[in-house]
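Some notes on the structure that comes next.
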Amino acid sequence: MERHIQIFLNKISYLSITIATLTLIITFIIQTPPQTCITNPNSNHKPHVKSSCDASQRRMTTLDHKNHRLWSTNTWRKSVHSFTSLFTHLQSLKHISNHTHALVVSAGGGQAVMALKELGLDNVTGVELVESLPLVVRADPHNLPYFDEVFGLGFSSFLDQALFPVKYVGEIERCVKAGGVIVVCVEVCGDEGVMDVVQLFRKSTFSLAENVTLMGMKMTMIVMKRVKVFS
Ligand SMILES: *[C@@H]1O[C@H](CO)[C@@H](O)[C@H](O)[C@H]1NC(C)=O
Ligand SMILES: *[C@@H]1O[C@H](CO)[C@@H](O)[C@H](O)[C@H]1NC(C)=O
Ligand SMILES: *[C@@H]1O[C@H](CO)[C@@H](O)[C@H](O)[C@H]1NC(C)=O
(Lines give C-alpha, C1' and ligand atoms only; values in the text may rest on other atoms or scores of the structure.)
(Ligands and ions follow the chains in the order given, each with its own letter.)
Protein backbone atom coordinates (compact mmCIF):
# COMPACT_ATOMS: atom_id res chain seq x y z
CA MET A 1 0.00 0.00 0.00
CA GLU A 2 2.64 2.48 1.07
CA ARG A 3 4.81 1.49 -1.84
CA HIS A 4 1.95 2.29 -4.18
CA ILE A 5 1.59 5.72 -2.70
CA GLN A 6 5.32 6.29 -3.00
CA ILE A 7 5.24 5.36 -6.69
CA PHE A 8 2.21 7.58 -7.20
CA LEU A 9 3.97 10.54 -5.59
CA ASN A 10 7.08 9.93 -7.64
CA LYS A 11 5.00 9.97 -10.78
CA ILE A 12 3.44 13.27 -9.81
CA SER A 13 6.78 14.88 -9.14
CA TYR A 14 8.14 13.68 -12.48
CA LEU A 15 5.06 15.09 -14.14
CA SER A 16 5.46 18.47 -12.51
CA ILE A 17 9.15 18.63 -13.42
CA THR A 18 8.23 17.89 -17.03
CA ILE A 19 5.51 20.55 -17.06
CA ALA A 20 7.83 23.12 -15.50
CA THR A 21 10.53 22.39 -18.05
CA LEU A 22 8.10 22.60 -20.96
CA THR A 23 6.70 25.88 -19.65
CA LEU A 24 10.21 27.26 -19.43
CA ILE A 25 11.04 26.18 -22.98
CA ILE A 26 7.79 27.55 -24.39
CA THR A 27 8.26 30.88 -22.60
CA PHE A 28 11.75 31.04 -24.04
CA ILE A 29 10.55 30.29 -27.58
CA ILE A 30 7.65 32.74 -27.69
CA GLN A 31 9.76 35.64 -26.49
CA THR A 32 10.13 37.57 -29.72
CA PRO A 33 13.27 39.64 -30.00
CA PRO A 34 12.75 43.39 -30.50
CA GLN A 35 13.35 45.08 -33.84
CA THR A 36 15.64 47.70 -32.44
CA CYS A 37 18.43 47.62 -29.98
CA ILE A 38 18.68 50.75 -27.87
CA THR A 39 21.56 51.24 -25.51
CA ASN A 40 21.71 54.07 -23.06
CA PRO A 41 24.37 56.46 -24.37
CA ASN A 42 24.83 57.94 -20.89
CA SER A 43 25.72 54.72 -19.20
CA ASN A 44 29.42 54.02 -19.34
CA HIS A 45 29.22 50.52 -17.96
CA LYS A 46 27.65 47.40 -19.32
CA PRO A 47 24.31 46.54 -17.76
CA HIS A 48 24.33 43.52 -15.47
CA VAL A 49 21.03 42.32 -16.77
CA LYS A 50 21.34 40.70 -20.16
CA SER A 51 19.25 43.02 -22.29
CA SER A 52 16.90 42.08 -25.09
CA CYS A 53 19.67 43.13 -27.49
CA ASP A 54 21.34 39.82 -26.82
CA ALA A 55 18.38 38.09 -28.40
CA SER A 56 18.76 39.96 -31.69
CA GLN A 57 22.48 39.35 -31.67
CA ARG A 58 21.76 35.67 -31.21
CA ARG A 59 19.44 35.80 -34.22
CA MET A 60 22.19 37.46 -36.26
CA THR A 61 24.62 34.74 -35.23
CA THR A 62 22.14 32.07 -36.30
CA LEU A 63 21.90 33.75 -39.71
CA ASP A 64 25.71 33.92 -39.95
CA HIS A 65 26.01 30.25 -39.10
CA LYS A 66 23.33 29.30 -41.60
CA ASN A 67 25.05 31.37 -44.29
CA HIS A 68 28.47 29.98 -43.51
CA ARG A 69 27.17 26.46 -43.82
CA LEU A 70 25.46 27.27 -47.14
CA TRP A 71 28.44 29.21 -48.50
CA SER A 72 30.88 26.41 -47.80
CA THR A 73 28.91 23.77 -49.70
CA ASN A 74 30.32 22.47 -52.95
CA THR A 75 27.22 23.40 -54.93
CA TRP A 76 27.40 26.99 -53.75
CA ARG A 77 31.13 27.37 -54.44
CA LYS A 78 30.79 25.84 -57.90
CA SER A 79 27.92 28.14 -58.73
CA VAL A 80 29.79 31.24 -57.51
CA HIS A 81 32.83 30.12 -59.46
CA SER A 82 30.88 29.91 -62.70
CA PHE A 83 29.73 33.52 -62.20
CA THR A 84 33.29 34.53 -61.33
CA SER A 85 34.53 33.20 -64.68
CA LEU A 86 31.82 35.08 -66.53
CA PHE A 87 32.45 38.37 -64.71
CA THR A 88 36.24 38.03 -65.06
CA HIS A 89 35.64 37.76 -68.79
CA LEU A 90 33.49 40.91 -68.73
CA GLN A 91 36.23 42.62 -66.72
CA SER A 92 38.83 41.75 -69.33
CA LEU A 93 36.53 43.22 -71.99
CA LYS A 94 36.45 46.41 -69.87
CA HIS A 95 32.71 46.15 -69.38
CA ILE A 96 33.08 46.23 -65.60
CA SER A 97 35.62 47.60 -63.12
CA ASN A 98 35.91 47.71 -59.33
CA HIS A 99 33.92 50.92 -59.27
CA THR A 100 31.05 49.68 -61.38
CA HIS A 101 27.87 49.99 -59.41
CA ALA A 102 26.23 46.63 -60.12
CA LEU A 103 22.65 45.43 -59.98
CA VAL A 104 21.81 41.72 -60.08
CA VAL A 105 18.14 41.06 -60.80
CA SER A 106 16.55 37.71 -59.86
CA ALA A 107 19.65 37.11 -57.77
CA GLY A 108 18.40 33.92 -56.10
CA GLY A 109 20.52 33.15 -53.06
CA GLY A 110 23.15 35.68 -54.15
CA GLN A 111 25.78 33.61 -55.97
CA ALA A 112 26.35 36.27 -58.66
CA VAL A 113 26.40 38.99 -56.00
CA MET A 114 29.08 37.12 -54.07
CA ALA A 115 31.12 36.58 -57.23
CA LEU A 116 31.07 40.31 -58.06
CA LYS A 117 31.97 41.28 -54.50
CA GLU A 118 34.83 38.78 -54.41
CA LEU A 119 36.15 40.25 -57.66
CA GLY A 120 36.45 43.58 -55.84
CA LEU A 121 33.38 45.55 -56.92
CA ASP A 122 32.59 47.92 -54.12
CA ASN A 123 28.87 48.37 -54.58
CA VAL A 124 26.78 45.37 -55.61
CA THR A 125 23.01 45.18 -55.13
CA GLY A 126 21.13 41.90 -55.53
CA VAL A 127 17.34 41.76 -55.69
CA GLU A 128 14.91 38.86 -55.64
CA LEU A 129 11.26 38.35 -54.69
CA VAL A 130 12.49 36.60 -51.55
CA GLU A 131 15.33 38.21 -49.62
CA SER A 132 18.53 36.34 -48.74
CA LEU A 133 20.41 38.60 -46.40
CA PRO A 134 23.05 39.89 -46.45
CA LEU A 135 23.55 39.39 -50.22
CA VAL A 136 20.07 39.83 -51.64
CA VAL A 137 17.28 42.25 -50.76
CA ARG A 138 13.63 41.85 -51.57
CA ALA A 139 12.29 43.67 -54.61
CA ASP A 140 10.02 42.99 -57.55
CA PRO A 141 12.12 42.70 -60.72
CA HIS A 142 9.17 44.10 -62.69
CA ASN A 143 9.10 47.19 -60.51
CA LEU A 144 12.57 47.98 -59.22
CA PRO A 145 12.78 50.38 -56.26
CA TYR A 146 15.67 52.40 -57.73
CA PHE A 147 16.00 55.75 -59.45
CA ASP A 148 16.68 56.01 -63.18
CA GLU A 149 20.24 55.57 -64.40
CA VAL A 150 21.91 54.59 -61.12
CA PHE A 151 23.84 51.46 -62.05
CA GLY A 152 26.76 50.75 -64.38
CA LEU A 153 25.90 47.07 -64.77
CA GLY A 154 22.55 45.32 -64.87
CA PHE A 155 22.77 41.54 -64.78
CA SER A 156 20.24 38.71 -64.91
CA SER A 157 20.51 35.01 -65.65
CA PHE A 158 16.76 34.52 -65.28
CA LEU A 159 15.23 36.59 -68.07
CA ASP A 160 13.82 33.33 -69.46
CA GLN A 161 11.65 32.99 -66.39
CA ALA A 162 10.32 36.53 -66.39
CA LEU A 163 6.51 36.76 -66.53
CA PHE A 164 6.67 39.97 -68.56
CA PRO A 165 10.03 40.04 -70.39
CA VAL A 166 9.46 43.48 -71.93
CA LYS A 167 8.69 45.04 -68.56
CA TYR A 168 11.53 43.09 -66.92
CA VAL A 169 14.10 44.31 -69.44
CA GLY A 170 12.59 47.81 -69.38
CA GLU A 171 13.13 48.07 -65.65
CA ILE A 172 16.78 47.03 -65.87
CA GLU A 173 17.31 49.50 -68.72
CA ARG A 174 15.69 52.29 -66.71
CA CYS A 175 18.01 51.72 -63.74
CA VAL A 176 21.23 51.43 -65.76
CA LYS A 177 22.88 54.65 -66.85
CA ALA A 178 23.95 55.56 -70.38
CA GLY A 179 27.34 54.02 -71.07
CA GLY A 180 26.61 51.12 -68.72
CA VAL A 181 26.07 47.54 -69.79
CA ILE A 182 23.25 45.08 -69.40
CA VAL A 183 24.18 41.42 -69.43
CA VAL A 184 21.58 38.68 -69.64
CA CYS A 185 22.09 34.95 -69.82
CA VAL A 186 19.35 32.91 -71.46
CA GLU A 187 18.73 29.37 -72.59
CA VAL A 188 21.35 28.46 -75.14
CA CYS A 189 20.42 29.86 -78.57
CA GLY A 190 21.74 30.85 -81.97
CA ASP A 191 21.42 34.12 -83.90
CA GLU A 192 17.64 33.99 -84.12
CA GLY A 193 17.15 33.50 -80.39
CA VAL A 194 19.67 36.25 -79.71
CA MET A 195 17.71 38.61 -81.98
CA ASP A 196 14.51 37.84 -80.06
CA VAL A 197 16.21 38.87 -76.82
CA VAL A 198 17.84 41.95 -78.35
CA GLN A 199 14.45 43.16 -79.54
CA LEU A 200 13.21 43.35 -75.95
CA PHE A 201 15.60 46.27 -75.41
CA ARG A 202 14.56 49.83 -76.22
CA LYS A 203 17.47 51.90 -74.94
CA SER A 204 20.46 49.69 -75.65
CA THR A 205 22.51 48.46 -78.57
CA PHE A 206 23.81 44.97 -79.13
CA SER A 207 27.41 44.42 -78.11
CA LEU A 208 28.10 40.67 -78.12
CA ALA A 209 26.64 37.20 -77.68
CA GLU A 210 28.48 34.05 -76.73
CA ASN A 211 27.87 30.70 -75.12
CA VAL A 212 28.93 30.34 -71.51
CA THR A 213 28.58 27.74 -68.76
CA LEU A 214 26.63 28.93 -65.74
CA MET A 215 25.57 26.85 -62.76
CA GLY A 216 26.52 23.74 -64.71
CA MET A 217 24.32 24.71 -67.66
CA LYS A 218 25.26 25.86 -71.11
CA MET A 219 23.70 29.27 -71.65
CA THR A 220 23.96 32.14 -74.09
CA MET A 221 25.20 35.42 -72.69
CA ILE A 222 24.07 38.60 -74.41
CA VAL A 223 25.77 41.90 -73.67
CA MET A 224 23.91 45.12 -74.44
CA LYS A 225 25.27 48.65 -74.17
CA ARG A 226 22.94 51.18 -72.62
CA VAL A 227 22.81 54.29 -74.80
CA LYS A 228 21.74 57.84 -74.16
CA VAL A 229 18.15 58.43 -75.21
CA PHE A 230 16.77 61.82 -76.10
CA SER A 231 13.08 62.14 -75.59
C1 LIG B 1 39.84 45.40 -57.56
O2 LIG B 1 39.67 44.96 -56.24
C3 LIG B 1 40.38 43.79 -55.92
C4 LIG B 1 39.99 43.34 -54.52
O5 LIG B 1 39.87 44.42 -53.64
C6 LIG B 1 41.87 44.07 -56.03
O7 LIG B 1 42.60 42.90 -55.75
C8 LIG B 1 42.17 44.54 -57.45
O9 LIG B 1 43.53 44.89 -57.56
C10 LIG B 1 41.30 45.72 -57.82
N11 LIG B 1 41.49 46.01 -59.22
C12 LIG B 1 41.80 47.23 -59.65
C13 LIG B 1 41.95 47.38 -61.13
O14 LIG B 1 41.93 48.18 -58.89
C1 LIG C 1 25.68 51.68 -52.99
O2 LIG C 1 24.55 51.97 -53.76
C3 LIG C 1 23.39 52.31 -53.04
C4 LIG C 1 22.23 52.45 -53.99
O5 LIG C 1 22.48 53.38 -54.98
C6 LIG C 1 23.66 53.57 -52.24
O7 LIG C 1 22.52 53.90 -51.50
C8 LIG C 1 24.83 53.31 -51.32
O9 LIG C 1 25.16 54.49 -50.64
C10 LIG C 1 26.05 52.83 -52.10
N11 LIG C 1 27.07 52.40 -51.16
C12 LIG C 1 28.33 52.75 -51.29
C13 LIG C 1 29.26 52.18 -50.27
O14 LIG C 1 28.72 53.47 -52.20
C1 LIG D 1 25.69 28.31 -78.82
O2 LIG D 1 25.84 26.94 -79.06
C3 LIG D 1 24.86 26.40 -79.95
C4 LIG D 1 25.11 24.92 -80.07
O5 LIG D 1 25.03 24.32 -78.83
C6 LIG D 1 24.95 27.09 -81.30
O7 LIG D 1 23.94 26.59 -82.16
C8 LIG D 1 24.78 28.58 -81.10
O9 LIG D 1 24.95 29.24 -82.32
C10 LIG D 1 25.75 29.12 -80.10
N11 LIG D 1 25.40 30.50 -79.82
C12 LIG D 1 26.28 31.48 -79.87
C13 LIG D 1 25.76 32.84 -79.56
O14 LIG D 1 27.46 31.33 -80.13
Mind listing the side-chain donor-acceptor pairs of residues 194-208 below 3.5 Å, one per line with the distance, residues two or more places apart or on another chain?
unit_1: S204; atom_1: OG; unit_2: E173; atom_2: OE2; d: 2.7

- [ ] I would like to know whether S82 and Q111 meet side-chain contact (heavy atoms from CB on, under 4.5 Å); could you show each step before the answer?
- [x] CA-CA 9 Å; S82 66; Q111 292 91 332; over 6 Å; no

TODO: List the steps and the verdict of side-chain contact (heavy atoms from CB on, under 4.5 Å) for D140 and L129.
DONE: CA-CA 6 Å; D140 179 2; L129 285 173; 4.2 Å; yes

- [ ] Would you please test L135 and W71 for side-chain contact (heavy atoms from CB on, under 4.5 Å) and show each step?
- [x] CA-CA 11 Å; L135 298 173; W71 295 344; 3.7 Å; yes

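The main-chain N or O of L144 is found under 3.5 Å from a side-chain atom of E171 such that the two form a donor-acceptor pair. Under a 3.5 Å cut-off, the side chain of S72 and the backbone N or O of H68 do form a donor-acceptor pair.
For residues 113-130, the pairs satisfying salt bridge (charged side-chain N to carboxylate O under 4.0 Å, His left out) are R77-E118, with sequence neighbours left out. Counting only residues at least two apart or on different chains, no side chain to side chain donor-acceptor pair (under 3.5 Å) pair has a member in residues 182-195. Pairs of residues two or more places apart, or lying in two chains, that qualify as ring-ring contact (aromatic ring centres under 6.0 Å, His included) and include a residue from residues 89-118 are H101-F151. Screening residues 145-164 for salt bridge (charged side-chain N to carboxylate O under 4.0 Å, His left out), with sequence neighbours left out, gives D148-R174, E149-R226. Evaluation of the ring-ring contact (aromatic ring centres under 6.0 Å, His included) test over residues 161-182, restricted to residues two or more places apart or in two chains, returns H142-F164, H142-Y168.
Remark: A139 pairs with V127, P145 by the side-chain contact (heavy atoms from CB on, under 4.5 Å) rule, at least two apart or across chains. Residues satisfying the side-chain contact (heavy atoms from CB on, under 4.5 Å) criterion with Q161, sequence neighbours excluded, are F158. Remark: T220 engages N211 in a side-chain hydrogen bond (donor to acceptor under 3.5 Å, both in side chains) (not counting sequence neighbours). When the side-chain contact (heavy atoms from CB on, under 4.5 Å) test is applied to A107, the partners found at least two apart in sequence or on another chain are V104, V113, V136. Scored by the side-chain contact (heavy atoms from CB on, under 4.5 Å) test, S85 finds H81 as partners (sequence neighbours excluded).
Under the 4.5 Å side-chain heavy-atom criterion for ILVMFWY residues, a single connected hydrophobic cluster contains both M221 and L93.
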